Amino acid sequence: LPNREMNYNIFKSKYLWKRVDYDWFPSWWQYQCVDLIRQYIKEMWWQQPSPLWNNWCKYFALNPYYYFNPEKFERVKNTISNKPEQWDIVIFSKPISTGHIALVDSANYLSLKVLEQNAWSGDGSWLGTNAIKLWTYSYYNVMWRFKKRTRMLNI
């Protein structure tokens, strides 16, 4: 069951301009963008997300249900006709070679604002522009998004 006490504004205020190192291992990959997403999954759904590795983001886009419970999330291809909603998770093919992942704060049909970590240089430092922050992007590099499932699966 979802954590009914957690909402997006509480989550955002808890982490904005801070840093999250969800797995604490290995130490040279501290504070990656995926750490924020894994923290969200844990706090919202009380679920321990599986660990990720190098080139994880593109693998994640192709094999999402290794990481996401398909009963709780559904993968949606990025198209102009369906804009993301707050709490959706988006996967970008850039800014770094391994991709990028973030939470949607708000969106319109031209751009989306996301809550993200380690987006600028991808070095895991958390310094300056690598901190958890809000940033606006076009849809150009959005590969996929995941949204909370609102209907039951027909299996």
Side-chain angles (χ1 to χ4, degrees), residues 2-24 27-52 54-61 64 67-69 72-150:
N3 180 351
R4 301 206 188 282
E5 295 175 12
M6 179 61 66
N7 69 45
Y8 178 77
N9 288 326
I10 291 171
F11 186 84
K12 180 170 69 172
S13 65
K14 185 175 180 179
Y15 292 107
L16 194 60
W17 298 113
K18 296 180 180 152
R19 61 184 178 180
V20 173
D21 184 10
Y22 178 85
D23 52 18
W24 295 44
S27 61
W28 60 87
W29 288 343
Q30 296 175 349
Y31 315 116
Q32 297 298 316
C33 56
V34 69
D35 287 311
L36 180 63
I37 302 306
R38 292 176 73 197
Q39 188 68 37
Y40 153 65
I41 293 169
K42 179 183 176 190
E43 289 189 30
M44 189 65 185
W45 300 101
W46 298 306
Q47 174 182 340
Q48 298 294 322
S50 301
L52 299 167
N54 195 19
N55 290 321
W56 63 269
C57 211
K58 291 178 183 175
Y59 181 84
F60 187 70
Y67 304 104
F68 281 134
N69 182 337
K72 296 177 182 169
F73 292 94
E74 62 183 316
R75 180 169 65 172
V76 178
K77 188 159 176 79
N78 181 43
T79 67
I80 196 161
S81 64
N82 67 27
K83 67 182 179 77
E85 298 173 0
Q86 193 174 71
W87 274 127
D88 284 359
I89 297 169
V90 291
I91 297 179
F92 297 89
S93 60
K94 294 180 179 178
I96 59 174
S97 63
T98 57
H100 184 56
I101 192 167
L103 284 173
V104 173
D105 181 77
S106 61
N108 59 42
Y109 289 105
L110 300 175
S111 63
L112 68 160
K113 185 191 293 185
V114 298
L115 184 67
E116 65 182 0
Q117 175 171 261
N118 196 38
W120 189 253
S121 70
D123 68 3
S125 69
W126 180 77
L127 301 173
T129 53
N130 284 321
I132 295 173
K133 67 181 185 315
L134 293 169
W135 198 258
T136 301
Y137 291 96
S138 73
Y139 290 96
Y140 180 71
N141 291 317
V142 174
M143 294 180 2
W144 294 93
R145 69 183 166 92
F146 294 84
K147 64 186 302 89
K148 292 185 294 182
R149 194 174 283 280
T150 56

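Predicted model only: the values in this text are computed from it and were never measured. Note that these values count all heavy atoms, side chains included, but never hydrogens, waters or copies made by symmetry.
Taken from OH in Tyr137 to NE2 in His100, the straight-line distance is 4.5 Å, to the nearest 0.5 Å. Here CG of Leu103 is found 9.0 Å from CG of Asp88. Values are rounded to the nearest 0.5 Å. The CE atom of Met143 lies 6.0 Å from the CD1 atom of Ile91; values are rounded to the nearest 0.5 Å. Atoms CD1 and NZ, on Ile89 and Lys147 in that order, are 11.0 Å from each other to the nearest 0.5 Å. Residue Ile101 holds its CD1 atom at 5.0 Å from CD1 of Ile37, rounded to the nearest 0.5 Å.
A 4.5 Å side-chain heavy-atom check between Tyr40 and Trp87 finds at least one atom pair inside the cut-off. Looking only at side-chain heavy atoms (C-beta outward), Asp35 and Gln117 come within less than 4.5 Å of each other. Residues Val142 and Leu112 meet the side-chain proximity criterion, which asks for heavy atoms closer than 4.5 Å. With contacts defined as side-chain heavy-atom distances shorter than 4.5 Å, the pair Glu116/Cys33 does not qualify. Side-chain atoms of Trp17 and Lys133, non-hydrogen and from C-beta on, do get closer than 4.5 Å to each other. A 4.5 Å side-chain heavy-atom check between Pro84 and Tyr139 finds at least one atom pair inside the cut-off. Using a 4.5 Å heavy-atom cutoff, the side chains of Gln39 and Ile132 are not in contact.
Across Asp105 and Gln86, no two heavy atoms sit closer than the pair O-NE2, 3.1 Å.
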| request: Would you please test Lys12 and Leu134 for side chain to side chain contact (heavy atoms under 4.5 Å, CB included) and show each step? | output: CA-CA 9 Å; Lys12 180 170 69 172; Leu134 293 169; 4.1 Å; yes
| request: Start with the C-alpha distance between Phe11 and Leu115, add both sets of side-chain angles, then the distance that settles side chain to side chain contact (heavy atoms under 4.5 Å, CB included), and finish with yes or no. | output: CA-CA 10 Å; Phe11 186 84; Leu115 184 67; 4.1 Å; yes
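Under the side-chain contact (heavy atoms from CB on, under 4.5 Å) criterion, Ser111 pairs with Asn108, Thr136, sequence neighbours left out.
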